[in-house]
Amino acid sequence: MQSIGEFNEDRPQDASRRRHPWRSTVGLKVLMAATGIVLVVFLVFHLLGNLLVYRGRDALNEYSAFLVREPPLLWAARAVLLASAVIHIGAAALLWNRDRFARPVAYRRLRPRSTTVPARTMRLTGVVLAGFIVFHILHLTTGTIAPVPFEKHDVYHNVVEGFRVPWVVAIYLGALAFVGMHVWHGAWASLRSLGRSRPSPRPKRRPVAWILALVLWGGFSSIPLTIWLGGVR
Ligand code: HEM
């Protein structure tokens with residue numbers, strides 16, 4: 001016998017939800033999880049590439065030139081990244097909208113029993129991250145925001161000279177703290193949505209989420225901080 005709420009391919013509404021995942025809450029969460037994983041994989045490779053700044057001008061510039069020399073690879077990666085970001089943000093907006101319809105009047109007093117600050121601020125950190133990415137592309141990809149003169153073919157110069165400016169360092173360090181929080185909760189929530197992690201009464205015991213968040217936050221933050229403190233010249 002089938003229980004209430006169980007997925008049944010013979011029911012037209014369930015078949016439709018399988019074909020169009022954005023029609024069901026679970027489908028939207030799976031889309032968010034899958035695209036979130038793509039974005040985190042990008043971040044891991046982006047971090048590895050940027051850590052080359054510690055090996056000097058030639059190492060970082062050679063890595064950047066390699067990407068530019070392979071336009072099909074670069075544009076394929078950009079297309080996947082952009083599509084993932086659009087789907088991720090779109091699914092989040094749809095879920096938010098559903099939440100509002102499900103509970104048009106807010107709780108008078110909400111005392112969540114088992115949740116964390118990053119979990120409760122996912123929308124805020126997500127919006128800040130989207131804003132940061134726009135700022136970051138205008139700063140280091142197009143050079144539209146140029147606190148120091150932008151050199152199109154000298155990424156090392158743009159990064160190292162850029163991070164000598166205190167307000168730029170402050171923006172990056174602030175945004176990177178939000179990256180860490182967003183990834184910490186997002187990594188765990190993705191594993192839950194994909195059925196890879198069981199509910200736990202201890203929301204802070206999440207080894208995969210901790211490792212990912214600390215590596216990304218610490219690795220990225222070390223770059224502006226070390227440059228600003230004079231550790232890279
Ligand atoms: C200290 C931290 C970071 C540094 C030093 C850094 C460095 C760079 C540089 C140099 C570029 C331009 C590459 C080029 O035009 O050759 C770039 C592009 C980009 N970065 Fe970062 N990045 C950092 C953190 C982040 C974070 C946290 C995110 C996402 C949340 C991010 C997302 C992007 C994106 C989407 C692009 C555009 C990629 C493209 O043009 O195809 N970056 N970054």
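Values reported hereafter were calculated over all heavy atoms of this structure, with side chains retained and with hydrogens, waters and symmetry mates removed. One-based numbering, in listed order, for ligands and for the atoms of each.
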Colleague: Please work out which of H182, H136, R78 has its closest non-hydrogen atom nearest to atom 6 (C) of ligand 1.
Modeller: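 Looking at heavy atoms only, H136 sits closest to atom 6 (C) of ligand 1.
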
Colleague: Which option out of L140, T142, L81 puts a heavy atom nearest to atom 9 (C) of ligand 1?
Modeller: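 The nearest heavy atom belongs to L140.
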
Colleague: List the steps, then state whether side-chain hydrogen bond (donor to acceptor under 3.5 Å, both in side chains) holds for S64 with Y156.
Modeller: CA-CA 9 Å; S64 159; Y156 184 86; over 6 Å; no

Colleague: Heavy-atom contacts under 4.0 Å between V53 and ligand 1: side chain, backbone, both, or neither?
Modeller: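 For V53, no heavy atom sits under 4.0 Å from ligand 1.
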
Colleague: Please report which non-hydrogen protein atom sits nearest to atom 27 (C) of ligand 1, along with the residue it belongs to and the distance in Å to one decimal place.
Modeller: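 Ranked first by proximity to atom 27 (C) of ligand 1 is L176 CD2, 3.6 Å.
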
Colleague: Can you confirm whether something in the protein, heavy atoms only, sits under 4.0 Å from atom 23 (C) of ligand 1?
Modeller: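 There is a protein heavy atom less than 4.0 Å from atom 23 (C) of ligand 1.
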
Colleague: Out of the N/O/S atoms in H46, what is the name of the one closest to atom 21 (Fe) of ligand 1?
Modeller: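 Considering only N, O and S atoms, H46 comes nearest to atom 21 (Fe) of ligand 1 through NE2.
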
Colleague: Do M32 and I87 touch side chain to side chain, with heavy atoms closer than 4.5 Å?
Modeller: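 A side-chain contact under 4.5 Å is absent here.
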
Colleague: Please lay out, stage by stage, how V38 and H88 fare under the test side chain to side chain contact (heavy atoms under 4.5 Å, CB included).
Modeller: CA-CA 10 Å; V38 173; H88 196 76; over 6 Å; no

Colleague: Whether R206 engages the ring of W184 as a cation-pi pair (distance to the six-membered ring centre under 6.0 angstrom, angle to the ring normal within 45°) should be assessed.
Modeller: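 The answer is yes; both the distance and angle limits are met.
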
Colleague: Classify the angle between the aromatic ring planes of Y172 and F132 as parallel (below 30°), tilted (30 to 60°) or perpendicular (above 60°).
Modeller: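 It falls in the perpendicular class, over 60°.
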
Colleague: Among all protein heavy atoms, pick out the one at the shortest distance from atom 7 (C) of ligand 1; state its residue, atom name and that distance to 0.1 Å.
Modeller: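 Answer, as residue, atom name and distance: N50 OD1, 3.2 Å.
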
Colleague: Any idea which heavy atoms bring I227 and V232 closest together, and the distance?
Modeller: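 Heavy atoms of I227 and V232 come nearest at CG1-CB, 3.9 Å.
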
Colleague: Quick test: of every protein heavy atom, which one is nearest to atom 16 (O) of ligand 1, and how far off is it to 0.1 Å?
Modeller: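 The answer is S64 OG, 3.3 Å.
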
Colleague: For atom 34 (C) of ligand 1, what's the nearest protein heavy-atom neighbour? Residue, atom name and distance, please.
Modeller: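 Protein heavy atom at minimum distance: F42 CZ, 3.8 Å.
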
Colleague: Okay, side chain of S222, backbone of G219: is any donor-acceptor separation there less than 3.5 Å?
Modeller: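 Pair found, side chain donor or acceptor close to backbone of G219.
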
Colleague: Taking 4.0 Å as the limit for heavy-atom contacts, which would you say applies to P224 with ligand 1: side chain only, backbone only, both, or neither?
Modeller: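 Under 4.0 Å from ligand 1, P224 contributes side-chain atoms alone.
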
Colleague: At what distance is the nearest protein heavy atom to atom 10 (C) of ligand 1, and which residue and atom is it?
Modeller: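 Protein heavy atom at minimum distance: V155 CG1, 3.4 Å.
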
Colleague: Run the salt-bridge test on R69 and E62 with the 4.0 Å N-O cut-off and return the result as yes or no.
Modeller: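 Yes, R69 and E62 are salt-bridged.
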
Colleague: Would Y172 count as a polar contact of ligand 1, with the cut-off being nitrogen or oxygen pairs under 3.5 Å?
Modeller: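 No.
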
Colleague: What protein heavy atom lies closest to atom 36 (C) of ligand 1? Include the residue and the distance to one decimal.
Modeller: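 For atom 36 (C) of ligand 1, the nearest protein heavy atom comes out as I137 CG1, 4.1 Å.
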
Colleague: Is atom 2 (C) of ligand 1 close to the protein, meaning a heavy atom under 4.0 Å from it?
Modeller: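 There is a protein heavy atom less than 4.0 Å from atom 2 (C) of ligand 1.
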
Colleague: Whether the side chain of T226 engages the backbone of I223 through a donor-acceptor N/O pair (distance < 3.5 Å, no angle test) should be reported.
Modeller: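 No: the side chain of T226 does not pair with the backbone of I223.
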
Colleague: Nearest protein heavy-atom contact for atom 28 (C) of ligand 1: which residue, which atom, what distance?
Modeller: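 Of every protein heavy atom, L43 CD2, 3.6 Å lies nearest to atom 28 (C) of ligand 1.
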
Colleague: Over 60° means perpendicular and under 30° means parallel, so tell me whether W188 and H185 are parallel, tilted or perpendicular.
Modeller: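 Correct class here is tilted.
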
Colleague: What protein heavy atom sits nearest atom 18 (C) of ligand 1, and how far off is it?
Modeller: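 Checked against all protein heavy atoms, atom 18 (C) of ligand 1 sits closest to T141 OG1, 3.6 Å.
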
Colleague: Just heavy atoms, cut-off under 4.0 Å: does V68 contact ligand 1 by side chain, backbone, both, or neither?
Modeller: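 Within the 4.0 Å criterion, V68 makes no contact with ligand 1.
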
Colleague: Does the ring centre of H182 sit less than 6.0 Å away from the ring centre of F178?
Modeller: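 F178 vs H182: aromatic centres not under 6.0 Å.
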
